[in-house]
Amino acid sequence: MSSENLKATVRDRYGKAALQVAGGVKTGCCGGGSCGTSNDDPITSNLYSDAETATLPAEAVLASLGCGNPTALAELHEGEVVLDLGSGGGIDVLLSARRVGRTGKAYGLDMTDEMLALARENQRKAGVGNVEFLKGDIEAIPLPDSSVDVIISNCVINLSADKRKVIAEAFRVLKPGGRFAVSDVVVRGDVPAEVRSSMELWVGCIAGALTEQEFHSLLWETGFEKIDIEPTRVYEFEDAKAFLTGAGLDTEALAREVGGRVMGAFIRATKPAALASETNAAPAALARACCGPECCA
């Protein structure tokens, strides 16, 4: 599948999901047969506490299509600038904005017009002023170099066909010492080729998921340090059956292979506070790319 076809499919599915939410229907893009209605999707359900959602518009909660709760796990401080990659209906942006306070700011970045419209309406209803929703691709973030303290994301990086570029862009816009703190789907071990080649499961956040080692290596080679990947929810056999349903595959057989290998995880990394000089940056990056995290201290 070409990157443009993939992007068009993701945009279409999540645009339709936003319209469903605007009509008061909970969706389940990450699993549950892609973007069908879903109230207990194994990936997207039960991620936020009642205390967190109590002050948010119902549509922001309904539009939560992630696999984790990065705002609960990321350390956000008063006055910081936060960027949410693939912000959807805006739930993580609105929660972040409250945590960074009036002196801070929360940006949301999304490529889908319908999601942006929904997010901006949710912002209006929530009465949160220190928020800005931007239209754009996570592979080409429309913000200046070194302008963000923290990058969060909720089950979106797996949807990109060029994850290396996403990680490079995240590194570029983070300030020295800035933190990368995202929730995403990762896999442990091999995943059957039928799963990897399914467009339904790519849109459903499974087919495009990186392995733990691939994610770690991409972050390391880009220049990040203090990398940690912490599983937060492992999807076992019954969960696998749920997210494989609707993909037109042998659900029962594949669920036995996939169950326990796919998980929601919290991925942390830090941009070094003091970067190498321009003269030394290229050799340093080359050395990282050549030897990898297992042999580079």
Side-chain angles (χ1 to χ4, degrees), residues 7 66 70-113 115-116 119-120 122-123 126 128-157 159-160 162-184 215 218-228 266-282 284-285 288:
K7 184 175 291 186
T71 58
L73 296 170
E75 294 183 9
L76 302 180
H77 306 293
E78 184 84 21
E80 289 189 318
V81 177
V82 182
L83 168 63
D84 182 11
L85 301 180
S87 49
I91 185 169
D92 294 314
V93 178
L94 296 176
L95 289 172
S96 297
R98 295 183 189 278
R99 291 182 64 187
V100 299
R102 292 184 180 181
T103 60
K105 183 159 187 175
Y107 288 101
L109 175 64
D110 205 281
M111 67 175 180
T112 309
D113 288 327
M115 278 295 184
L116 287 166
R120 288 166 180 150
N122 287 333
Q123 177 191 358
V128 180
N130 58 332
V131 162
E132 184 176 350
F133 288 101
L134 308 170
K135 183 175 181 180
D137 297 331
I138 61 175
E139 300 86 357
I141 299 171
L143 286 173
D145 295 357
S146 303
S147 57
V148 174
D149 294 294
V150 185
I151 284 181
I152 64 171
S153 183
N154 200 345
C155 207
V156 171
I157 294 174
L159 296 172
S160 173
D162 193 346
K163 297 172 181 65
R164 185 175 296 276
K165 197 165 185 179
V166 175
I167 301 301
E169 277 290 276
F171 191 87
R172 178 184 67 81
V173 301
L174 278 171
K175 299 174 183 178
R179 287 110 61 207
F180 180 87
V182 309
S183 292
D184 216 320
F215 217 134
L218 272 181
L219 290 165
W220 178 265
E221 291 165 14
T222 302
F224 281 100
E225 60 184 17
K226 300 178 183 176
I227 301 164
D228 180 63
F266 188 57
I267 299 102
R268 299 175 178 88
T270 303
K271 182 174 179 176
L275 295 175
S277 68
E278 290 296 323
T279 303
N280 296 326
R288 280 175 172 268

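Numbers here simply count residues along the sequence, with the first being 1.
- Minimum interatomic distance between A170 and F224 (heavy atoms only, all atoms of both residues): C-CZ, 4.4 Å.
- Note: L85 CG to D110 CG = 10.5 Å, rounded to the nearest 0.5 Å.
- Residues A97 and V131 approach most closely at CB-CG2, 3.4 Å, considering heavy atoms.
- With values rounded to the nearest 0.5 angstrom, L116 atom CG is found 6.0 Å from S87 atom OG.
- Here the straight-line distance linking atom CG of L109 with atom CG of L134 works out to 6.0 Å at 0.5 Å rounding.
- Within a 6.0 Å sphere centred on CD of E75, other residues, nucleotides and ligands contribute 12 heavy atoms or fewer.
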Could you go step by step and tell me if H77 and D149 meet the side chain to side chain contact (heavy atoms under 4.5 Å, CB included) rule? CA-CA 10 Å; H77 306 293; D149 294 294; over 6 Å; no
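- Looking at K271, its side chain does come within 3.5 Å of a backbone N or O of L174 through a donor-acceptor pair.
- Residues N130 and V128 approach most closely at OD1-CG1, 3.2 Å, considering heavy atoms.
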Applying side chain to side chain contact (heavy atoms under 4.5 Å, CB included), run through L94 and Q123 and close with a yes or a no. CA-CA 7 Å; L94 296 176; Q123 177 191 358; 4.2 Å; yes
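- Side chains of I227 and F215 form no contact here, defined as non-hydrogen atoms less than 4.5 Å apart.
- Here CG of D92 is found 4.5 Å from CG of N154. Values are rounded to the nearest 0.5 Å.
- A side-chain contact (heavy atoms from CB on, under 4.5 Å) with V156 is found for exactly one of I138, V182, D184, namely I138.
- Considering every non-hydrogen atom in both E80 and R179, the closest pair reads OE2-NH1, 2.7 Å.
- Minimum heavy-atom separation, R172 to D145: NH1-OD1, 2.7 Å.
- Counting heavy atoms from C-beta outward, I152 and S96 have side chains that approach closer than 4.5 Å.
- Here the shortest heavy-atom pairing between P272 and F171 reads CD-CE1, 4.0 Å.
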